[in-house]
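Worksheet for the structure shown next.
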Amino acid sequence: METGGSPTVTLKKTNLTPKAIVHQKFGSKACYIVEKVQEMTQNECPGLAIIQKGPPLFRCTLQLPDFSVMSEICKKKRDAEQSAAEKALDKIGFNLETNNLTNVQDPWDNMISRLSYLFSDELLSTLHPLSGHFRAVLQREGDLSGSIPVCVMAIYDAKLCSLCKSIDPMVETNPLLAVQLVMKAAARLPGFIVSSEEHLWMRRENPFPSEILQSLITEEAILPESVQIKAVRIPYSPDKIVEPMSINVSSNGYYMDAIAQELAVKDVFRVLISRSIGKASSEMRLYSSVDLSSDVKENVKSEEYFNVRASYFSGQDIHGDAILACIGYTWKSRELYHEDVSVRTYYRMLINKMPSGVYKLSREAILAADLPVAFTTRTNWRGSSPRDLLCTFCRQHHLSEPVFSPINNPLKSLVDSLGSGKRLKVEEPGKEGTEYANGNGVAATGREPVAPGSTFNCEVKIYSKCQNLIVHCLPKNSYKKQADAFQSTALKLLSWLNTFFKEPDMPLEKLTSSGYALNIRFNPQFFFKEFALCPSVHNVWQRTVTEEIRSLDSDRFNHPCIEQGVGVSLLNIEGQDSGVSPSSGSLVCINYNISLVTKGENTKELLESNDDFEFEIGTGAVIPQLEAGVIQLSLGQFACFHTELHPEEFILAAAGDSAKTLSLLSSKACCLEFSIILLKVTEPLEDRMEQAFFNPPLSKQRVEYALRHIKESSATTLIDFGCGSGSLLGSLLDYPTALEKIVGVDISQKSLIRAAKILHSKLSSDSDAELPNTRIRSALLYEGSITDVDSRLYGFDIGTCLEVIEHMEEDQACLFGDVVLSYFCPRILIVSTPNYEYNVILQRSNPASQEDPNEKTQSQSCKFRNHDHKFEWTRQQFNRWAADLAARHNYSVEYSGVGGFADLEPGFASQIAVFCRGDNHSEGQGDDDLKKIDTAHKYEIVWEWDRSRTLSSAV
Ligand code: SAH
Ligand code: MG
């Protein structure tokens, strides 16, 4: 034990400054604003301040996410910042001395001296939260006047609190241990503090001077009248619902007494207070009872009373019923601070523990939004960034801040590695990257490294509070910008964590394999320890939809492929088809209302609405049903549809009136009704570029190019490989051709639904009048991968594959070529794909970046024209692919393109290869195999139209 002497002797060289610690904790979220002040403050000496300008002095305001503090006035900027940081740390209860290990003094001595300060006359005149408690208990009459609950001492003084933690780290999870430690320290102040171990109170031996007491009484008299505070009761029994309640605090009473009464404990000293929940500076806490009948030391408590929901919230062991309330004395004022807590607040806090919930809350769209599965570009991302979401998630679960490490790959050249014909491979990343704690990334400082030709990967590690490595993620995807690599890795982790939260009792193997797919490794032992309570709290996902609810809509499905597919019933679409529709990569803006509706009685309760809600199509940024609905609309149209219910915790987090909502949910068959209006469609970058640069737009030129070949060849049958939303198939119907049968194949069901809509409306509107243009007798849409063989595609005249191969991995693109030319053997095959060399022209004067300066980042961060492109080939690469393929299958090939010119650098914008089957084509090696797979019907028919039946029918 250190016994006086020079205090500097005890300081170690390795001290972290307050600012460094603030940085560790808050990263880039800590914002220091230093201002110059004059030596004389204006209050003291207004005239002099102007005349006598002394040396400049500085004051620093430190803004943190939940509060800000102001420093002392200092001579140096640096010192002002340190002073602000120190104040902030003090405020969050971080004890520099103990946590920094700068002070080797016995924590017990510190505790004792702290306690004597807390019971001093001096404290009463400060804004220390405890002074409010002292004032309240001093107002009491009788025996217990001045007796303060030990729990209050242990909780509301941050220094005492962290001293307790330094003596016994278990205090983190068990607040009762802190009570015990404070009692023990008080016992070492005989004659100053009296305490009752049995009753858990303590007070000063000698009363406070009477003048102080007198002043308290006059002061209390001006306090406002009694208040009703809304709070929430969380019963320990998981079968009982969380209910609203109110706490009545009388004007001259002690609010803790009111809480004790609500908890039905014998007296205020048996109330156990949790740490603050939610935001760092929040006064939101859980109140429960100390069960004195059990042995406090051993904390032997009947598991029967374990309050799993309250414990999950606080990360502390809580038994019996608990009250969630936001009330207490703060450093800001002598008045009691309080805020109402509703059941909705409770559910919002609950869903804030799940990655998808954090995202939904950040978008203020609990029922509509969902955690996206893909990070395309920062400009298209809405809501908190993946990285921030991950940090929030860790904080919510009392884990350490996630550690992000960038890995720089000085890649030789993208083109080189593609030229070798191999997949773009990023070498095993070196570990030379610097480790950045959250917010400390170079990205956060604004000096984003974008070394030409080099790419970034990002590794993220999540540690427990006691530094056990829980999860590790190092995806193979590399990014041009470090910040994008960070975001994308964070999103992978969030997605994986979210699968766990959707099904917290999923088998270990399932969790492992889903992590495997995302390059995530985790330590099951530590993982399940940290998330042990999740399965019993997040148990509402299993909610099954009753048959009644299903029947509610069964007669309203009006489109065959919709019924088959995404499970949305469109009740109606209103408004003219404006022809402008969203596609994958579009940014849309909608207005929506989501209501809880009941069958029969037509009760409708509005749960959530938003009149300016933007999201990117194709990334899963909203619930699938909503996206499926939106993509069927064109600009300006209105739609209304019903979906199954969301998990109850989401509905209650959105509902303003939880009682009404709960009664609707429990008594009637309900579903959700969405009404949406499509307000704005911003097309994906690739489309915008293609439209702005080329007239007619490049997509149209491709279709026209294909049409010419279709006409010239007099083909009667056509397959469009990767038909997407049917841009080619739809256009074919507008021109006279010899085509009789057209087929589209795609893996995207959403796109196929759009294609079906277009073809359906064109074909059925034309069917009564004699079609002037088309002889088409049958049209078919298949869902499947064009790398799979399906015997029904054999022997067509012409195959088209426009802007598809670059959406597949390179080996898959090669496989596609082999499959088509060896099994399907069309007479002609037309394949188009972007010419990588043309990108410099598109990107140099990207029109999108001019209309919005933010979009610059988009074009820079995306090395290809579209984030979904797996590769873009140079002319040489494309020609090599096509020549090899043609030679292998006895086809001839010719090269062409649209946009730009063949003989002008850098060639066409879209390059095209036209393969023609050789005369002596043997239908060689594929033939035998074809017999084997003759019955193979790998594709699924999504939509079919037959002239003889003149009506579309679902199969
Ligand atoms: N050919 C269309 C769509 C191009 S977008 C047009 O020119 O407008 C690329 C399309 O390829 C998408 O619709 C995507 O779903 C589809 N696609 C990607 N990989 C595929 C695969 N393996 N099998 C079938 N379709 C695929
Ligand atoms: Mg493309």
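Counting starts at 1 for both ligands and their atoms, following the listed order. Note that the structure is predicted; figures quoted are calculated from it, not measured. Position 1 is the first residue of the sequence, and the numbers go up from there.
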Per-atom contacts, ligand 1 versus G722 - under 4.0 Å to a heavy atom: 1 (N), 2 (C), 3 (C), 25 (N)
What residue and atom, counting heavy atoms only, is the protein's closest point to atom 7 (O) of ligand 1, and at what distance? L802 O, 3.4 Å
Any N/O of S727 closer than 3.5 Å to an N/O of ligand 1? yes
Can a donor-acceptor pair be found, under 3.5 Å and without considering hydrogens, that links the side chain of T717 to the backbone of K741? no
Any carboxylate oxygen within less than 4.0 angstrom of a Lys/Arg side-chain nitrogen, looking at R702 and E690? yes
Exercise: do D720 and T800 side chains pair donor with acceptor under 3.5 Å: yes
One finds that the ligand 1 atoms under 4.0 Å from a non-hydrogen atom of G724 are 3 (C), 13 (O)
With the threshold set at 4.0 Å, does a side-chain nitrogen-carboxylate oxygen contact exist between R875 and E905? yes
Interfacing atoms of ligand 1 (cut-off 4.0 Å, heavy-atom, S748): 15 (O)
To make sure I understand the geometry: which N, O or S atom in H869 is closest to the Mg ion (ligand 2)? NE2
Within ligand 1, which atoms have a heavy atom of C723 less than 4.0 Å away? 2 (C)
Consider ligand 1: state whether an atom of it lies below 4.0 angstrom from any non-hydrogen atom of G784. yes
Check E806 and report its N/O/S atom nearest to the Mg ion (ligand 2), by atom name. OE2
No-hydrogen, no-angle side-chain donor-acceptor test under 3.5 Å, E683 and S583: no
So is V804 in contact with ligand 1, going by heavy-atom distances below 4.0 Å? yes
May I ask you to say whether D946 pairs ionically with R777, meaning some side-chain N is under 4.0 Å from a carboxylate O? no
If you scan protein heavy atoms around atom 13 (O) of ligand 1, the nearest is D746 OD2, 2.8 Å
Ionic contact status for E806 with K870, cut-off 4.0 Å: no
N/O separation below 3.5 Å, I786 to ligand 1: yes
Please evaluate residues L793 and V745 with respect to the criterion side-chain contact (heavy atoms from CB on, under 4.5 Å), reporting the C-alpha separation (whole Å), side-chain torsions for both, the decisive distance (0.1 Å), and the verdict. CA-CA 10 Å; L793 297 198; V745 189; 3.8 Å; yes
Any nitrogen or oxygen of S785, side chain or backbone, less than 3.5 Å from one on ligand 1? yes
What protein heavy atom sits nearest atom 4 (C) of ligand 1, and how far off is it? E803 O, 3.4 Å
Any idea which part of S584 is under 4.0 Å from ligand 1, heavy-atom wise: side chain, backbone, both or neither? neither
Can you check whether F721 and F816 have ring centres sitting under 6.0 Å from each other? yes
Among non-hydrogen protein atoms, atom 26 (C) of ligand 1 lies closest to I747 CG1, 3.3 Å
Show your reasoning for whether side-chain contact (heavy atoms from CB on, under 4.5 Å) applies to F456 and D484. CA-CA 9 Å; F456 293 92; D484 287 346; over 6 Å; no
